[in-house]
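This report concerns only the one structure given below.
Numbers here are sequence positions counted from 1.
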Amino acid sequence: MRSLGGVHEAGDFAAQRSEYVTPISASYRDHDVMECPPNGQGLAALMILRTLAGYSMGDLSEADRIHLLAEATKAAYRARDAYFCDPVTDAVDASHFLSDDYIAAIRAKIDMAKASTVESWDDIEHRDTVYVTVVDRDLNAVSLINSLFYPFGSGIYARKSGVLLHNRGWSFRATPGHPNSLGPRKRPMHTIIPGMLMKSGRAVMPFGVMGGHYQACGHANFLCNMLDHGMDIQAAAEAPRSFAFDGMLELETTIPEAMKNELSARGHRIRWADAGIGGCQAIQIDRDRGVLLGASDHRKDGLALGF
């Protein structure tokens with residue numbers, strides 16, 4: 001790396017230690033949603049769910065539901081982009097962002113008839129993620145997600161081992177003093193988040209939604225489809241998606257034109273997605289029937305397999 005202009009030393013790699021961390025969680029419809037804490041964006045997914053929990057999502061029209069998801073997403077991502085970072089260098093108080101007062105303040109600013117101010121994202125897009133989940137016969141559940149960031153990461157590999165180096169350092173902010181600014185021995189805020197749905201202290205469903213920035217919104221949307229609309233996990237994964245990000249409300253083309261027009265009338269800047277948004281995989285543990293239900297949606301490579 002130094003031969004290519006890098007500043008890493010062997011000691012930087014020797015000092016690396018992975019961490020076991022305590023998950024953060026929030027309740028939603030009698031379930032507990034578990035996420036990894038920052039420096040990932042799982043906290044944003046929980047903020048969106050906490051916001052949606054104050055509404056009767058199953059009774060809303062589809063246009064209302066898309067609008068509400070968009071407004072909750074924008075509020076959570078504003079906090080994410082301002083404060084989420086490596087907690088070793090700058091503590092992120094998850095309990096503050098999930099508190100009743102903080103969430104109530106978000107809800108108070110939501111107007112069901114009007115879109116809030118749009119904001120543009122001026123940093124690098126996050127890409128090319130792989131999610132894997134496994135549940136074994138003893139009902140041990142694994143929720144795993146990984147990414148090189150770009151399709152071949154940095155494009156640099158260690159020639160003796162063939163290990164490819166990622167380029168997730170792109171996710172640091174260039175703004176001095178920002179919590180997520182570049183610094184030594186510091187990890188950037190990242191988007192890759194494995195999820196776990198729990199009930200009564202037991203795993204119900206390991207799940208993940210690939211798709212860069214969409215992931216936190218995708219977690220909330222997928223669980224809302226299941227727990228508010230009663231969809232099975234395959235239908236919940238396949239349902240049409242929307243994503244409010246970078247000043248636009250992106251809609252998949254399976255959403256009707258009339259709904260697009262209604263959302264546009266509320267002030268959303270609409271863009272049709274040129275490809276599927278994200279990609280979901282999950283395994284639901286049905287303890288009553290003694291079966292596992294797998295889902296893998298059509299937007300990504302992947303499959304649900306039992307053996």
Side-chain angles (χ1 to χ4, degrees), residues 23-85 87 90-121 123 178-180 189 191 193 195 197 209 213-229 241-251 263 266-269 277:
I24 55 176
S25 66
S27 61
Y28 191 75
R29 312 307 188 211
D30 298 323
H31 289 73
D32 293 311
V33 185
M34 314 294 287
E35 299 278 358
C36 291
N39 53 320
Q41 66 166 339
L43 177 56
L46 299 181
M47 293 172 66
I48 297 169
L49 286 167
R50 287 275 286 128
T51 303
L52 299 182
Y55 300 83
S56 182
M57 298 297 291
D59 297 329
L60 296 178
S61 69
E62 187 63 12
D64 281 344
R65 194 183 77 84
I66 293 174
H67 172 77
L68 186 55
L69 178 63
E71 297 304 292
T73 297
K74 285 188 281 187
Y77 280 42
R78 288 187 193 108
R80 182 199 74 167
D81 297 340
Y83 301 109
F84 292 12
C85 62
D90 199 333
V92 180
D93 184 1
S95 63
H96 167 70
F97 292 105
L98 297 175
S99 67
D100 290 342
D101 289 345
Y102 194 97
I103 298 301
I106 291 177
R107 292 184 191 137
K109 295 176 182 178
I110 294 177
D111 184 340
M112 292 301 294
K114 184 179 180 182
S116 62
T117 304
V118 299
E119 295 182 8
S120 295
W121 173 258
D123 271 11
H178 189 283
N180 189 40
M189 191 283 288
T191 57
I193 49 173
L197 187 66
V209 181
H213 290 290
Y214 175 69
Q215 290 180 55
C217 175
H219 279 207
N221 182 58
F222 175 59
L223 293 177
C224 181
N225 286 341
M226 283 184 57
L227 302 179
D228 290 305
H229 297 276
R241 291 180 181 153
S242 61
F243 184 33
F245 184 71
D246 196 21
M248 304 293 293
L249 177 57
E250 194 171 39
L251 304 177
L263 292 164
R266 300 188 196 196
H268 292 285
R269 295 173 57 197
I277 300 174

Look at the side chain of [X] and the backbone N and O of [Y], then say whether any donor-acceptor pair between them is shorter than 3.5 Å.
| X | Y | result |
| --- | --- | --- |
| Asp90 | Pro179 | no |
| Gln41 | Arg80 | no |
| Arg50 | Ile103 | no |
| Tyr102 | Met47 | no |
| His219 | Ile193 | yes |

Side-chain touch [X]/[Y], heavy atoms, less than 4.5 angstrom:
| X | Y | result |
| --- | --- | --- |
| Met189 | Cys85 | no |
| Tyr28 | Leu52 | yes |
| Tyr77 | Ile48 | yes |
| Tyr214 | Val209 | yes |
| Leu43 | Leu98 | yes |
| Arg65 | Asn221 | yes |
| Ile66 | Leu251 | yes |

[atom1]/[X] to [atom2]/[Y] distance, rounded to the nearest 0.5 angstrom?
| X | Y | atom1 | atom2 | value |
| --- | --- | --- | --- | --- |
| Leu69 | Lys74 | CG | NZ | 11.0 Å |
| Asp101 | Ile106 | CG | CD1 | 11.5 Å |
| Ile277 | Phe245 | CD1 | CZ | 12.0 Å |
| Leu60 | His229 | CG | NE2 | 7.5 Å |
| Lys109 | Arg107 | NZ | CZ | 14.0 Å |
| His31 | Leu49 | NE2 | CG | 12.0 Å |

Minimum-distance pair of heavy atoms, taken over all atoms of [X] and [Y]:
| X | Y | result |
| --- | --- | --- |
| Ser116 | Arg78 | OG-NH2, 3.4 Å |
| Leu263 | Ala63 | CD2-O, 3.5 Å |
| Gly267 | Ala115 | C-CB, 3.7 Å |
| Cys217 | Ser242 | SG-O, 4.0 Å |
| Pro38 | Val92 | CG-CG1, 3.7 Å |

Check your understanding: Does the pair Met57 and Leu227 meet the rule for a side-chain contact (heavy atoms from CB on, under 4.5 Å), with working shown?
Key -> CA-CA 9 Å; Met57 298 297 291; Leu227 302 179; over 6 Å; no

Check your understanding: What orientation do Phe84 and Phe97 show, parallel under 30°, tilted 30 to 60°, or perpendicular over 60°?
Key ->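 Phe84 and Phe97: perpendicular rings.
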
Point to revise | Cationic N near anionic O, under 4.0 Å, Asp64 to Arg266 | key: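 Salt bridge: yes.
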
**Study point:** Residue pair Glu71, His268: steps toward the side-chain contact (heavy atoms from CB on, under 4.5 Å) verdict
**Key:** CA-CA 10 Å; Glu71 297 304 292; His268 292 285; 3.4 Å; yes

